[in-house]
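Structure first, then comments.
Predicted model, so just to flag it, every value in this text is computed and none were measured. Ligands are counted one by one from 1 in listed order, and the atoms in each one are counted from 1 as well.
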Amino acid sequence: MNKSSQKEAAIRVGQQITLTIKSLGINGEGIGYYKRKIVFVDKALPGEVVHAEVTDVKETYAIARLVRVVERSPARVEPPCPVYEECGGCSLQHMDYQAQLASKRELVIESLRKYARLENPPVAETIGMDNPWGYRNKAQFQVGRQNGRLVAGLYQTGSHRLVDLEECRVQHEATNEIVRTARQIMEELGIPAYDERKRTGVIRTIVARVAFATGETQLTLVTATEEFPRVKELILELRTRLPGLVSIVQNVNRKKTSLIFGDSTRQLWGKPSIAEQLGELSFDLSARAFFQLNPEQTRKLYEEVKKAAGLTGSELVLDLYCGTGTIALWLAPYAREVRGIELIPDAVEDARRNAEKNGAANATFHVGRAEVLMPKWAKQGVKPDVVVVDPPRTGLDDALIRSLLEVQPQRIVYVSCNPSTLGKDVAKLLARYELVSVQPLDMFPHTSHVESVVLLTLRGAKE
Ligand code: SAH
């Protein structure tokens, strides 16, 4: 037996093991060790001793299924959602909310320790929600037929079974009501769900959206065909039973794809968009327009960005990865000029429209790659004072980090949705920058996601 097979023999699939959970992983799973091998146990909490059955063994880790909690964490609570086990949309409902916030902070600290080699990174307490339920302004549920009944929900993790989600507790009640009612009416009218395998039927997805500030709601039906039966009756019933609805939209997606939306969108009834406000800013949200999913926490996030940016009114601010421009517009009243860069042309168009709507004359938006456009501007003599970055989960491109180290803005405000890539990127930025503050924020309670607003200042900069 060689050395590696000896190691593998220490733990095998099907084996029952008892282990102590030491910490939470980035997906909300419990992490423990068995014979020095790292073991991930879903739904186990730090401090718990658990019995688990090994389901998978890899070179560097193993995965085990929780069988029984032997010693229970005081943070363990009964998950309120009836389909918590099947759904997979949430991963921390079995943990007390305050403990969730503490563990999210811990994840950020751990990542900065591990990647940026900072012993005591300056990480504040996680900003949570007073009421961490009903926070999502958009429900996007697949439609299917199950046991002779129309069902709307999400696919079970790792399977193709739809989990009925008419009472999803992280959704704003208005979105649940729209999904429930639309499903009911379609059932009554006999409008069929789209069947992916047979490629027959009509309704693929129900998208319900609510504007928190105005209460306006929108329903988008994603269909596999342009025409479908009884559409007039459907609209009439929807309007009657959902008086808050101001916009009914159809999007046609004929393709065999896991993407939700197709290319063509048409208005079935009412306005094309709903009116939303965030702080001082107003937005018209069309069916396809991107908007942050938790408005209450987004407002707090942007306030943290503003605090970190430390604006006096004389600065040139770049908002990189700007999406529909909301951060740039949030900062525009406090800066001399703001410029956003975003890859997706449609989002840039939305950003420009939002700027106009909000009278932000000092804000411009540019289509392109942040790592290409910023260095190009730098060559032309554009010298930003503050650069805000809000990258996707993959973090900052290496070329962008090199460019930041050359351009040397006084402040970098890094908005992160992934502590791992944050840690790695901060490690590189430490070459010229000092890590001043890290503010974790809970945008998605009961899931393992954590956002952070990070302030880095140029070393030896004259303030
Ligand atoms: N700041 C926005 C959200 C940004 S999400 C807000 O607060 O609402 C990240 C954005 O980065 C996405 O819109 C994505 O299209 C964009 N993106 C991804 N890679 C990019 C790149 N290399 N350059 C510029 N934008 C990019």
Classify the side-chain pair H160/E196 by whether it contains a donor and acceptor separated by less than 3.5 Å. yes
Sort out the contact shell of ligand 1: every protein residue with a heavy-atom distance below 4.0 Å, listed by chain and number. F290, Q292, Y302, Y321, C322, G323, T326, I327, E342, L343, I344, G368, R369, A370, E371, D390, P392
Salt-bridge contact R352-E349 (side-chain N to carboxylate O under 4.0 Å): no
side-chain hydrogen bond (donor to acceptor under 3.5 Å, both in side chains) with S247: which residues, sequence neighbours excluded? Q218
Contacts of E303 that satisfy side-chain hydrogen bond (donor to acceptor under 3.5 Å, both in side chains) - sequence neighbours left out: W330
Residues that H446 engages under ring pair (Phe, Tyr, Trp, His ring centres under 6.0 Å), provided they are two or more places apart: Y97, W133
For M129 and N294 the tightest heavy-atom approach is SD-ND2, 3.4 Å
